[in-house]
J.: 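One structure follows; several queries about it will come next.
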There are 2 protein chains.
Amino acid sequence: MATQTAAQQRAQAKVEYDAFLAGCPSRALLDRISDKWVVLVLCALGDDTEPSTSGGDVPRSMRYSQLARRLAGVSQKMLTQTLRSLERDGLLTRTVTPTVPVTVEYALTDLGASLHRLTRGLGTWAQGNMDAVLANRERHDAAAGADVGAGDR
Amino acid sequence: MATQTAAQQRAQAKVEYDAFLAGCPSRALLDRISDKWVVLVLCALGDDTEPSTSGGDVPRSMRYSQLARRLAGVSQKMLTQTLRSLERDGLLTRTVTPTVPVTVEYALTDLGASLHRLTRGLGTWAQGNMDAVLANRERHDAAAGADVGAGDR
DNA sequence: CCGGATCCCGAAGGATACTG
DNA sequence: CAGTATCCTTCGGGATCCGG
């Protein structure tokens, strides 16, 4: 009997989609979420500092300008485009409050939060393995330089 | 005393790098690994079918043409470029065997394998949540269409 | 002023042909 | 087989303008 939730069944072992196939919708979806701005937006919305005074994991919300500031270097065009795409896919909600200067809040949905757990891993991986990668690059570049020098003289 | 390995210390809690800062090297690294071809290459090299007759998790190796076939739709240019970049960063090894038609094998390093665990999550997430995303898109698009109709007449 | 749409341009990515 | 070289198309960034 099925003791699993629908979500568990979906997330597990179901292979009606194959992300390696060029024509498969899941391939397009993987392409979307494997995007630097998508990853950064999800990280920002999920990681948002303070653990909330109420103690829970209430879906955090950030304003457009907050996101723009946190994701240093993002263009408004890409930020808006990325947010719209994520909203359409149901990963986050967009709430417009018609205050004097209009206020727009973005927050992760449950689906978005589930993806955030993964993208967050990428962020911490990048920070945690930066030194190792840097060392590898140096060794690799030095070896390439040595190769060039070897033919010399 | 430190009971952690150097790798654990590195991967954990060290925040000398901040991926949100535009100028930080880890931001550039995050941008690189948040790339669709990088994710697919890592998935392909790590997931490679048979669990090996020797039973272990011996680093799998795939030939260039195998990868090209598995990652349906990739251009040689991007595949080569991606592989070179990953090699430079120490995520995979490139082994050239000067047989009659030259043979080039690619395999994950330990560092690459550690990242593979994360990218693999993205692949399974995409496949597992495809239905949910598709449903959200339909609702979103329908709502947008309704909005347009609402202003009508 | 905030949030975002638009236009223009340079850079990144794809298709194809050719080479060791 | 495993690339490199050459186009050419598309996408992303910067600046500017708009709606509230």
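Order of the sequence lines fixes the chain letters, A, B, ..., with proteins taken first and strands second; residue numbering starts at 1 for each chain.
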J.: It should be established whether R84(B) places a side-chain nitrogen or oxygen under 4.0 Å from OP1 or OP2 of nucleotide dT4(D).
T.: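 Yes.
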J.: Expressed as a whole number of angstroms, how long is the span from E105(B):CD to dA2(D):P?
T.: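 Rounded to whole Å, this separation is 8 Å.
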J.: Donor-acceptor pair, distance only, cut-off 3.5 Å: does the side chain of R137(A) make one with the backbone of D89(B)?
T.: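 Not a single qualifying donor-acceptor pair exists.
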J.: Find the distance L67(B):CG to dG3(D):P and express it as a whole number of Å.
T.: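 Distance, rounded to whole Å: 10 Å.
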J.: Does dA12(C) have its OP1 or OP2 closer than 4.0 Å to a side-chain nitrogen or oxygen of R32(B)?
T.: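 False: R32(B) side-chain N/O out of range (4.0 Å or more) of dA12(C) OP1/OP2.
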J.: For Y106(A) and dG3(C), is the shortest distance between a side-chain N/O and OP1 or OP2 below 4.0 Å?
T.: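 It does not, given that no N or O in the side chain of Y106(A) lies less than 4.0 Å from OP1 or OP2 of dG3(C).
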J.: Taking 4.0 Å as the cut-off, does a side-chain nitrogen or oxygen of S65(B) come that near to OP1 or OP2 on dA2(D)?
T.: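 The answer is yes; a side-chain N or O of S65(B) sits under 4.0 Å from OP1 or OP2.
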J.: The side chain of K77(B) lies closest to which of these nucleotides: dG4(C), dC8(C), dG13(C)?
T.: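 Side chain of K77(B) sits closest to dG13(C).
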J.: For Q81(B) and Q76(B), take the nucleotide of DNA chain C holding the closest heavy atom to each; which residue's nucleotide lies nearer the 5' end?
T.: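 On the 5' side of the pair lies Q81(B).
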J.: Please check if the number of heavy atoms outside D18(A) that lie under 6.0 Å from its CG is greater than 12.
T.: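 Result for CG/D18(A): enclosed.
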J.: Report yes if a side-chain nitrogen or oxygen of R94(A) is closer than 4.0 Å to either non-bridging phosphate oxygen (OP1 or OP2) of dG4(C); otherwise report no.
T.: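 Yes, R94(A) has a side-chain N/O under 4.0 Å of OP1/OP2 on dG4(C).
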J.: For dC11(D), take OP1 and OP2 only and decide whether either is under 4.0 Å from a side-chain N or O of W37(A).
T.: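 For dC11(D), OP1/OP2 do not have a side-chain N/O of W37(A) under 4.0 Å.
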J.: From CG of L79(A) over to P of dG13(D), roughly how many Å is that when rounded to an integer?
T.: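 Interatomic distance, CG of L79(A) to P of dG13(D): 11 Å.
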J.: Which of these nucleotides, dG4(C), dC7(C), dG3(C), is closest to any side-chain atom of T80(A)?
T.: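 Closest nucleotide among those given: dG4(C).
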J.: Atom CE of M78(A) to atom C1' of dA5(C): distance rounded to whole Å?
T.: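 Distance, rounded to whole Å: 15 Å.
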J.: Taking it one step at a time, do L45(A) and M62(A) satisfy side chain to side chain contact (heavy atoms under 4.5 Å, CB included)?
T.: CA-CA 7 Å; L45(A) 281 175; M62(A) 289 180 77; 3.9 Å; yes
J.: Of all the choices, dT4(D), dC2(C), dG4(C), which nucleotide is nearest to the side chain of V102(A) once you look at every atom?
T.: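 Selected nucleotide (nearest to the side chain): dC2(C).
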J.: For L91(B), is there any backbone N or O sitting under 3.5 Å from a side-chain donor or acceptor partner on T109(B)?
T.: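 Answer holds: yes.
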J.: Nearest nucleotide by nearest heavy atom, which residue falls closer to the 5' end of DNA chain D, T99(A) or V74(A)?
T.: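 Taking each residue's closest nucleotide, the earlier one in sequence belongs to V74(A).
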J.: Please report the distance, rounded to the nearest Å, between OH in Y64(A) and C1' in dC1(C).
T.: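 Atom OH in Y64(A) sits about 14 Å away from atom C1' in dC1(C).
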J.: Quick check: are there more than 12 heavy atoms from other residues, nucleotides or ligands sitting under 6.0 Å from CZ of R120(A)?
T.: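 12 or below, so no.
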J.: Expressed as a whole number of angstroms, how long is the span from D31(A):CG to dG12(D):P?
T.: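 The answer, rounded to whole Å, is 12 Å.
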J.: Between P101(A) and D35(A), which residue's closest nucleotide on DNA chain D lies nearer the 5′ terminus?
T.: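 Of the two residues, D35(A) wins.
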J.: Heavy-atom count check: over 12 atoms from other residues, nucleotides or ligands less than 6.0 Å from D110(A) CG?
T.: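 Count not over threshold, so no.
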J.: Rounded to whole angstrom units, what separation is found between the CG atom of L40(B) and the P atom of dG14(C)?
T.: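 Spelled out: CG on L40(B) to P on dG14(C) is 11 Å.
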J.: Is there a side-chain contact between R63(A) and the phosphate of dG3(C), meaning an N or O under 4.0 Å from OP1 or OP2?
T.: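 Yes.
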J.: Rounded to the nearest angstrom, tell me the gap between atom NZ in K36(A) and atom P in dC11(D).
T.: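 Taking NZ of K36(A) and P of dC11(D), I get 16 Å after rounding.
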